[in-house]
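Worksheet: one structure, shown below.
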Number of protein chains: 2
Amino acid sequence: MNSDVHTVVIVDDHLLLSGSLEKLINSFEGFQVLFHASNGRELQLKLKKESKKPSVILLDINMPVMDGFETAEWLTEHHPDIKFLALSMEDDEQTILKMLRKGAKGYLLKDIHPDKLKIALQETVSKGFYHSDKVATTMLHALHNNNKASEESFKENELIFLQLACSEMTYKEIADQMNLSPKTIDGYRQELFNRLHIKNRVGLVIYALKNNLIHI
Amino acid sequence: MNSDVHTVVIVDDHLLLSGSLEKLINSFEGFQVLFHASNGRELQLKLKKESKKPSVILLDINMPVMDGFETAEWLTEHHPDIKFLALSMEDDEQTILKMLRKGAKGYLLKDIHPDKLKIALQETVSKGFYHSDKVATTMLHALHNNNKASEESFKENELIFLQLACSEMTYKEIADQMNLSPKTIDGYRQELFNRLHIKNRVGLVIYALKNNLIHI
DNA sequence: AAAAAAATCAGGAAAAATCCCCTTCGCAAA
DNA sequence: TTTGCGAAGGGGATTTTTCCTGATTTTTTT
């Protein structure tokens, strides 16, 4: 294994994808898969054990135990020298931006052509980042109307309320759970209805689901 | 290409998965990928054009244009000699049973180990089917309490109501839409609450989402 | 055709959700 | 110091949801 071979680590809970992805990447000239992990926790352990550090990490977002967001934070904090690319099926703006803000050097959708993956890996090691046209467009779009971003950014309590609202709890029960007055909860509700242009609690649930604010 | 090589076709809209899966399958002794399709419609066209018929088809469920269910029906109808395995991330009982009823020779979860895929392909060509422990258990479970199945089977109007209830419409508006009295709608609601053990409309929405009765 | 079962619809009431306008408090900017 | 702002909370009214019980009509079974 000579020194100009770049090593890759795959973090994904779908064994079939990570296993076959390994075959694909090993077929790319100049790239070699070092190991897999099926979640962030496992990645932490294996990085500690391995003496060799990977050139690039392919990081899935939806994983059990420790998901892509947490893992991205940890990587940026503890291994700022290792570049990582997010790899996900979600193509919504919020998710993409969130991963890029957490330090991802690029964002790959799982339905890209295998050749694109090769290009992404090559550019990541050579230029330090890779942004597909779609992601670049998304970033521009986000910059362009960050006014709309305010509509879709939530305060901590709003997020908690949002998640509890997507359950069978009554508002009174939610108020108890959050140690707040039912009237305060009513305030959160009204504010969100206005901001998101929705008419009732079902709309709230649908919104939260569509925007990956909760997952069921 | 000698005659004891079994050919495989992959139907999946995630190019990255199907592309890398091809590498994996080609590395299995005795197996060779014939071609891909990214949905059922494309499969139809390519099967017509190709003179060679595949031994096995790996069929994803969630696809645009023509999904796995439709494709399974078409295959069973027009190519009963081609065996196909369902390949999906959904592990809920309803989906598994639905695919098996439509003629799938097995059901593979996308998080299986690559070695399992090899075994599945081998058993499918040799024995004609492959059922993992998990799927076998699910089938037994389904047979065991098909009473519960009645809990989870819906009449036409119940399904329509369920879908409309997952919107911002009031029950009165739903009644108008369905040309029924609001009191009838109230009856549907009450009946579903009892049968599904849920307490309010949010529970209904969550249930519908979890069981793929609607998709947003 | 008669009986049974299922679907549709109603009355009435309590609980929850929704809406609108208002007060207080703390904190920070002017 | 005053002014302004946002978060927490309140009063009170209306609409919608939820629940329970019973009646009528339609469909199915016998």
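Only heavy atoms go into these numbers, but all of them, side chains included; no hydrogens, no water, no symmetry mates. Chain identifiers are assigned alphabetically (A, B, ...) following the order of the sequence lines, protein sequences preceding nucleic acid strands; residue numbering begins at 1 within each chain.
- A distance-only check finds no donor-acceptor pair linking the side chain of B:Arg201 to the backbone of A:Val202 [under 3.5 Å].
- Between B:Asn179 atom CG and C:dT8 atom P there is a gap of 12 Å when expressed in whole angstrom units.
- Environment of CG in B:Asp133: sparse, with no more than 12 heavy atoms of neighbouring residues, nucleotides or ligands closer than 6.0 Å.
- Taking 4.0 Å as the cut-off between side-chain N and carboxylate O, B:Lys105 and B:Glu123 do not count as a salt-bridged pair.
- Between A:Ser181 and D:dG10, a side-chain N or O to OP1/OP2 separation shorter than 4.0 Å is present.
- Between the side chain of B:Asp67 and the backbone N or O of B:Phe69, at least one donor-acceptor pair lies under 3.5 Å.
- Remark: P of D:dG10 and OH of A:Tyr188 are 13 Å apart, rounded to the nearest angstrom.
- Whole-Å rounding puts the B:Lys155 NZ to D:dT28 C1' distance at 14 Å.
- For the pair A:Arg189 and A:Phe193, the distance from NZ or CZ to the six-membered ring centre is under 6.0 Å and the angle to the ring normal is within 45 degrees.
- A side-chain donor-acceptor contact under 3.5 Å links B:Tyr188 and B:Asn157.
- For the pair A:Lys127 and A:Phe129, the cation-pi test (distance below 6.0 Å, angle within 45°) is passed.
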Polar-atom pairs under 3.5 Å, protein N or O versus N or O of nucleotides 22-27 of chain D: list them with distances, or write none.
none

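- Going from atom CG of B:Leu164 over to atom P of D:dT16 covers 17 Å, rounded to whole Å.
- Put simply, CD on A:Glu191 is 10 Å from P on D:dG6, counting in whole angstrom units.
- B:Ile185 has its CD1 atom 16 Å from the P atom of D:dC19, to the nearest Å.
- Rounded to whole Å, atom P of D:dT16 lies 8 Å from atom CD of B:Glu173.
- Between the P atom of D:dT17 and the CG atom of B:Leu192 lies a distance of 15 Å, rounded to the nearest Å.
- A salt bridge is absent between B:Lys110 and A:Asp13: the closest approach of a Lys/Arg side-chain nitrogen to an acidic carboxylate oxygen does not fall below 4.0 angstrom.
- A side-chain donor-acceptor contact under 3.5 Å links B:Glu158 to the backbone of B:Lys155.
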Expected string for nucleotides 13-29 of chain C under the B/S/- scheme (protein heavy atoms, under 4.0 Å, primed atoms plus P, OP1, OP2 as sugar-phosphate) is ----SBB----------
